Structure formats: structure tokens, C-alpha cells
Amino acid sequence: MKRSHNCNALRKSDIGATVTLAGWVDRRRDLGGVIFADLRDKYGKIQVVFDNPEVNPIADTIRNEFVIWIEGTVIARPAGMENPKLDTGDVDVMVTTIKILNKSEPPPLAINDHNEECKENDDLRLRYRYLDLRRPWIQKNLILKSRFLGEVHAFFRKNGFEEIETPILCKSTPEGARDYLVPSRVNPGSFYALPQSPQQYKQLLMIAGMDRYYQIARCFRDEDLRADRQPEFTQIDVEMSFVEQEDVMGMFDNFVSEVLCKVWNFEAPQAIPRMPYSEAMLRYGSDKPDIRFGLEISDVSSIVVQSEFGVFKNVVNSGGVVRGIAATGCVEFSRKQIDDLTSYVGRYGAKGLVWMRVKDGGEVETQVGKFFTVDQLNALRDAVGAKAGDMMFFIAGPEKMASNATGQLRLEIGRIKGLMNPKVRKFLWVTDFPMFEFSESEGRYMSTHHPFTAPLPEHLDMMLNGNLKDCLAHAYDLVLNGVEIGGGSIRIHNPDVQEKVFRLLGLTAEQVQEKFGFFVDAFKFGAPPHGGLALGLDRVLATLEGQDSIRDFIAFPKNTSASSPMDNSPSPVDAEQLQEVHITLNLPKKA
RNA sequence: GGGGUGGUAGCUCAAUUGGUUAGAGCACCGGCCUGUCACGUCGGAGGUUGCGAGUUCAACCCUCGUCCAUCCCGCCA
């Protein structure tokens, strides 16, 4: 049963050796007299040959995904018969003994598909995830993750961080995402929450004097899923004492150049550029700009308000904005392409999309030309930086919507023009986030980051005086190719300020005491200034691999309904189990 | 909660304007084949067209409902 080599080990230099191998049958080719089979394991593939009456009757019966063990001799392939697609392609193993260790039914997934894209739908893949995971290219993802984590540990240990575990059974707190709840059997009617992140624990570790903490932390959020969002996911969670923003960001500048560049083998950025949130929103219409390409956005409100174009004028006069973008080299966009873009930005609330073409001589051609003077059209062209051969697009509306919709338009044009090269890695720090955002649905201000984030020191008084709109936070996000891969902040370490922030968020003194009392109290016993950052492990992997979905970097992910088709979780439980945890069900009526 | 797309053989897909026997490739089963490597070749089996109603002489196709998946908005850092 022992194997002398794995399936990727044998080379020309091994010719003549007697070896034993074990693995899965990737593919069998029966030529009548001689039978070939590709044997596969985690390490690779090798072709084995059956050409004697002792073994061929058994080799006749093997099928895809059978697990076999063979003994044989390494032989050179006949000249011209080498297979350059295999690392082991210079040799064969001539089999002298074969044992079938296990049979396999025909697999419902094409594990041996030669191209690295799987066409099976996700539901099927997740139902048979253990087969899906046999595909070499997806194993490669998990192996890469494992190797990456090794480097992560090495980096933080080298920099004096301690790896400390924090509870999975936590206290449910308001703010942030919806909690996953766990009923307590011994405390009837009480519930734990699974952590959305170890935020409070890591801050308490700073108060405890641990100075530098990191953890590969599992986080849970009961919100609707996306391709890049799972109900449980992993963060590289970090916190440091006696630091300022520069110290935390500097640590992660090093992390990028020492860990990410090493694992993914790309050149370290000279310095990761920084951009204030307000600038990111204006120039890119996003708090996570993809700076791999230009197509920057300009505000043209002051120009269009002079025109006779009612739509734009009214928007600006009622407090809205008009944003424009020069789609470089897109003058030939068809009517249909423009219609598609119009409905695309409609998803983000844009009521319409105004387009203008810049002709060869530089003159501007547009359907709405009669509402503008030539000077105004030229001013628009120059404001967005359009040249002959470019198409200009404009979106009007309330600032938040117009900004976002134009930003999404920019990304879509980038996709259409193929400007998103996954081989290019552009990191960016976005800083100076607003401390609070007004939530229409909640009817109150909410923390942009989380309620433990400190305001900029120069904005503290502003905040204490109740000006939440203009108050900026000591927060920073790390962005890679337009994906937010991490975020952090300098934390509040003054109990009075922390209490005040909770109150500004609408919590009563009683609620603060009940939900966060222990936390505020902790700061009364000598809390050091501290701050930190958390990186989304799965997103870092997916983004650096040029993938949109994090699912292929998680061994057993959930589907969009947060369930697992493989083991059918979540699932109902016995009445006795419910009784033990003092729960009675109150299910929604089915129509 | 809302919108888009999809659901046909084990898998991936096709099926003209609604038209009579729902096809192909892969996989599977059987035959042939001694250098293939996505082997080839001959043959065979395999279908509640997601589910339920309705329209029609006739429904994979049209209508309504419903379930599931997926992508997105809201939500979520």
C-alpha cells in the first residue's frame, strides 16, 4: 500500500527504478492490447502503462476516479512520444502489479476536464464539493491559501505580534451587521452572538497590555450574500498599541511588499499611494477606486447650470450635481451600446445618461446640442478632458447617486475597453473617511466604519459639538484593483469620547450601559492609544488571482441562500433539541 | 425585500413561427483496436423538458402561480 513516489515525482533520471504509486484514475485510454491511464494526486499526473496479461484484465475494469495502487518500472517514453503537458511527461511507469483500492461511480462532475473552467452550475458543484475539490486548479487555490497563511504568520511573528484566540461565542451588540445567534441552554432566554469580527476583544487585548496582536479570525455576518461575500469568512485581524495611523499603514505597506509580493511574485510598489475619501468619490465615484486605468470623473455642475438644458439645470439648482467622464476612444459606441450603458447606470439610480461625441476637429456632437452654446460644449469637453475620438457621458442627480452611478459607469467602460488587466496590481490607501453617514432607512447617523473609530483629532470638537456631517474619521481602507481588501482605524481610547459616540449614534445611556458598559468601563483603567486593521483573507486571494468570486478559495462555501447543498445545512432540529435551549418556533405562514 | 438571467438525458447545451419520433458532445454499457495522452472506431441504453394550473386541435416554446440556482440593487465593511 505504501507509495514510493507521488504522481509528480518521476523524471528521466528515475528510469529503470522500481516504484509504487497510488492515486485516482484521471483518464483511461484502452487501445485494445495496451492500456494507458493517467494517475492523479495532489502533486500532479503521471501516465502508467498496462501491457501484460497479469495486469490487463484488471486494468480493463478501472474507470475514472477509481483509486488504484500500482507497482512498476519507470521507463523512457519512445522518442517523440513525450508529453510536454505533464511534468512527468518524459517517462511512463510500466505496471507489474495493480490493486484497485476503491471503485467509483461515474462522477457527476467532469473532474478531468482539460480546460480549467468548470461549466457545471454552482449548486451541483457545492453538492459534490469533495469532487469539485479534486480538480487540480481548485486544489491549487487552497494550497496557495495555505502557503499564504504560512507567510502571514511568519511576517507578524517577525514583527513582534502575538497570535491570540478570541471567543466565537460572544455578546450580541447593536450596530453593524445582523448577528448570528446561538441560544444558551444553561441561561434560558439568553443568546450568544457569533463575532462579526473580534473588534472589541482585540481592543481589550490592547488594554490588557498585549501590545501587538494578530489572529486569523473567522467572522460571521447574517446578511445577504454576493459572489464576494460569505456568511462566514476569514480576516487577518491586527491591532497595535501606541501607534498612529502612519504606523499601522506602514506595517501593511511592508506586508504588501514582503508577503504579497513574495507569494504572488510581483514587484513591490515603490509606495502605496494615498487618497482622501472625498477625492476618491469625486475623481472615481467610489470609495475603492480601481486606479489601473484613467477615465477619471469631473464635476461639470458649474458649466451646465449656465445652459438651457432643463434637466441638468434643475438638478444643480436643487442641490444636485452633474458628473462627466471622457470615454477615451469610444466615439464609435453604437446606439445599442449607449442604451445598454443607460440601463446599466439605471441600476444605480441614474435617471438618464447624456452622451456627447467629440468629432475629428474637436467639435462636440450631441442630441441635446440645442440647449448648449458652442462655448459651453467646448467647456464641457475641456472639463472632462475629452479629445477627438472620445465619447463623453454625463449623469445628473443628488451627489451620492450621481457620484456612484458615474463611478459604476467608469468601471463598466473599463471592462468594455479591456482596461482591467488582472496582472496589474494597483494598491491604494483611502483615508479620511467621514465619521458618520446618514441612513435614510434608519433615520439616523450611523458609523461609516464602526463605533470604535476615532475622529481626526482636529475634528473632535466638531463631533462633540454635534456636527456629524463634516466630521472625518481616523480610518483607512486598503484597496487593490478596485476591491476593498482591508480596513482599519485608530480607535477611541478615551471612555468619555467613546460614550459620546454611542450616544450620538442614538443609543440611550441605558443602552450604552447594557450593551457596551463593560467596554467603556475597560477604558477607565488606563487604555493605551491603539489602532489596527483587518484584511479579508479570501478577498485578497481572489483579487490577486484575478477572480471575482471568493467561493473557489473556501473549501466548503455556502450558496446564495447561505445554505450548503452538500450537507443540507441549515436544517430543522428535533423538538427535544429546541426544548433544551428553550425555543419555540414561530414560522412564517406559507402562501 | 426588489430586479435581471437561467432550470430540457448523469454533465454541458440545442430544438426555426406553437406542429406531430425532443437532438448533439462528454460520461455510461457492449464490440473492435499494441503508443495513446481530450485516443480512435462501430453499436446500444438513457427524458415526468423544475413543479402546478391555464390557453390551444396541438405547449420545451405562450399566460399565471410556485420552487430552486445565479448575478445585481437594497443590506453588509
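These values consider heavy atoms only, across backbone and side chains, with no hydrogens, waters or symmetry-generated copies. Letters A, B, ... are given to chains in the order of the sequence lines, protein chains preceding strands, and every chain is numbered from 1. Owing to the predicted nature of the structure, the values given are computational and were not obtained by experimental measurement.
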### Nucleotide paired to B/U55 in any strand shown, Watson-Crick or G-U, under 3.5 Å
none

### Query
A/Leu31 side chain: which of B/A27, B/C39, B/C37 is closest?
B/C39

### Task
Would you classify A/Asp287 as touching base, sugar-phosphate or nothing, given that sugar-phosphate means primed atoms plus P, OP1 and OP2, and contacts are heavy atoms under 4.0 Å?
base

### Query
If you check every side-chain atom of A/Asp477, which of B/A77, B/G35, B/C68 has the closest atom?
B/A77

#### Entry: Identified pairing partner of B/U16, criterion: Watson-Crick or G-U wobble below 3.5 Å
none

### Query
Considering only side-chain heavy atoms of A/Asp224, which listed nucleotide, B/C37, B/A77, B/C75, is closest?
B/C75

### Task
Assign A/Asn112 to base, sugar-phosphate, or nothing according to its heavy-atom contacts below 4.0 angstrom with the strands shown.
nothing

### Task
Could you measure between the two P atoms, the one in B/A58 and the one in B/U20, and give it in whole Å?
15 Å

### Message
Counting only heavy atoms from other residues, nucleotides and ligands, does the tally under 6.0 Å from CG of A/Asp548 exceed 12?
### Response
no

### Query
Between B/C73 and A/Arg226, is there an OP1 or OP2 to side-chain N/O distance shorter than 4.0 Å?
yes

### Task
Answer with yes or no whether A/Arg347 presents, from its side chain, a donor or acceptor under 3.5 Å of a partner atom in the base of B/C71.
no

### Query
Under 4.0 angstrom, heavy atoms only, what part of the nucleic acid is A/Thr448 near: base, sugar-phosphate, or nothing?
base

### Message
Nearest to the A/Phe36 side chain among B/U12, B/G10, B/U36, which nucleotide is it?
### Response
B/U36

### Task
For A/Arg77, answer base if it contacts any base atom (sugar-phosphate contacts may also be present), sugar-phosphate if it contacts only those atoms, and nothing otherwise; contact means non-hydrogen atoms under 4.0 Å.
base

### Query
In Å and rounded to the nearest 0.5 Å, what is the CD1 to OG distance from A/Ile297 to A/Ser286?
8.5 Å

### Message
In whole Å, measure the gap between the P atoms of B/A45 and B/C29 for me.
### Response
16 Å

### Message
What's A/Asp30 touching, base or sugar-phosphate or nothing? Going by heavy atoms closer than 4.0 Å.
### Response
base

### Task
For A/Arg127, answer base if it contacts any base atom (sugar-phosphate contacts may also be present), sugar-phosphate if it contacts only those atoms, and nothing otherwise; contact means non-hydrogen atoms under 4.0 Å.
nothing

#### Entry: Carboxylate-amine/guanidinium proximity below 4.0 Å for A/Glu412 and A/Lys417
no

### Task
Would you mind classifying the nucleic acid contact of A/Pro78 as base, sugar-phosphate or nothing, using non-hydrogen atoms under 4.0 angstrom?
base

### Query
So do A/Lys103 and A/Glu65 actually touch side chain to side chain, heavy atoms under 4.5 Å?
no

#### Entry: C1'-based separation of B/A53 from B/A69 [nearest Å]
23 Å

### Query
When the distance from CG of A/Asp340 to P of B/U5 is rounded to whole Å, what number comes out?
13 Å

### Query
When rounded to the nearest Å, what value does the distance between C1' atoms of B/U16 and B/A22 take?
14 Å

### Query
With a 4.0 Å cut-off on heavy atoms, is A/Glu105 in touch with a base, just the backbone sugar-phosphate, or nothing at all?
nothing

### Pairing partner of B/A69 (Watson-Crick or G-U wobble, both distances under 3.5 Å)
B/U5

### Task
Using the P atoms only, state how far B/C42 lies from B/A24, rounded to an integer number of Å.
14 Å

### Task
Show your working on side-chain hydrogen bond (donor to acceptor under 3.5 Å, both in side chains) between A/Glu54 and A/Thr96 and close with a plain yes or no.
CA-CA 8 Å; A/Glu54 293 289 312; A/Thr96 52; over 6 Å; no

### Message
Taking any heavy-atom pair under 4.0 Å as a contact, classify A/Arg221: base, sugar-phosphate, or nothing.
### Response
sugar-phosphate

### Message
Using the C1' atom as the point on both nucleotides, what is the distance between B/C75 and B/A14, in whole Å?
### Response
39 Å

### Query
So what does A/Ile35 touch, heavy atoms closer than 4.0 Å: a base, only the sugar-phosphate, or nothing?
nothing

### Message
Mind checking if A/Asn121 touches a base, just sugar-phosphate, or nothing, with heavy atoms under 4.0 Å?
### Response
sugar-phosphate

### Query
Checking only heavy atoms, does the side chain of A/Asn83 share a donor-acceptor pair with the base of B/C37 at less than 3.5 Å?
yes

### Message
OP1 or OP2 of B/C39 versus the side-chain N and O atoms of A/Arg29: is any pair under 4.0 Å?
### Response
yes

### Query
What integer number of Å spans the C1' atoms of B/C61 and B/U8?
11 Å

### Task
Look at all strands and tell whether A/Ala177 reaches a base, only sugar-phosphate, or nothing, counting heavy atoms closer than 4.0 Å.
sugar-phosphate

### Task
May I ask you to say what A/Gly349 touches in the nucleic acid, namely base, sugar-phosphate or nothing, with a heavy-atom cut-off under 4.0 Å?
nothing

### Query
Hey, are A/Glu232 and A/Arg218 close enough for a salt bridge, meaning a charged N less than 4.0 Å from a carboxylate O?
yes

#### Entry: Any A/Met94 side-chain heavy atom under 4.5 Å of A/Asp51 side chain
yes

### Query
If the P atom of B/C39 is compared with that of B/G1, how far apart are they to the nearest Å?
48 Å

### Message
Can you see if the side chain of A/Arg551 gets near the phosphate of B/C71 - specifically, an N or O under 4.0 Å from OP1 or OP2?
### Response
yes

### Query
Which is true for A/Arg178 with a 4.0 Å heavy-atom rule: it touches a base, it touches only sugar-phosphate, or it touches nothing?
nothing

### Message
Can you see if the side chain of A/Gln196 gets near the phosphate of B/A77 - specifically, an N or O under 4.0 Å from OP1 or OP2?
### Response
yes

### Query
Between A/Arg125 and A/Asp552, is the closest basic N to carboxylate O distance under 4.0 Å?
yes

### Message
Applying the Watson-Crick and G-U wobble criteria at under 3.5 Å, what pairs with B/U49? Answer none if nothing qualifies.
### Response
none

#### Entry: Separation of atom CG in A/Leu86 from atom P in B/C39, rounded to whole Å
12 Å

### Message
Could you identify the nucleotide paired to B/G43, looking across every strand shown and requiring Watson-Crick or G-U wobble geometry with both distances under 3.5 Å?
### Response
B/C29

### Query
Of the nucleotides B/C29, B/U34, B/U36, which has the atom closest to the A/Arg63 side chain?
B/C29

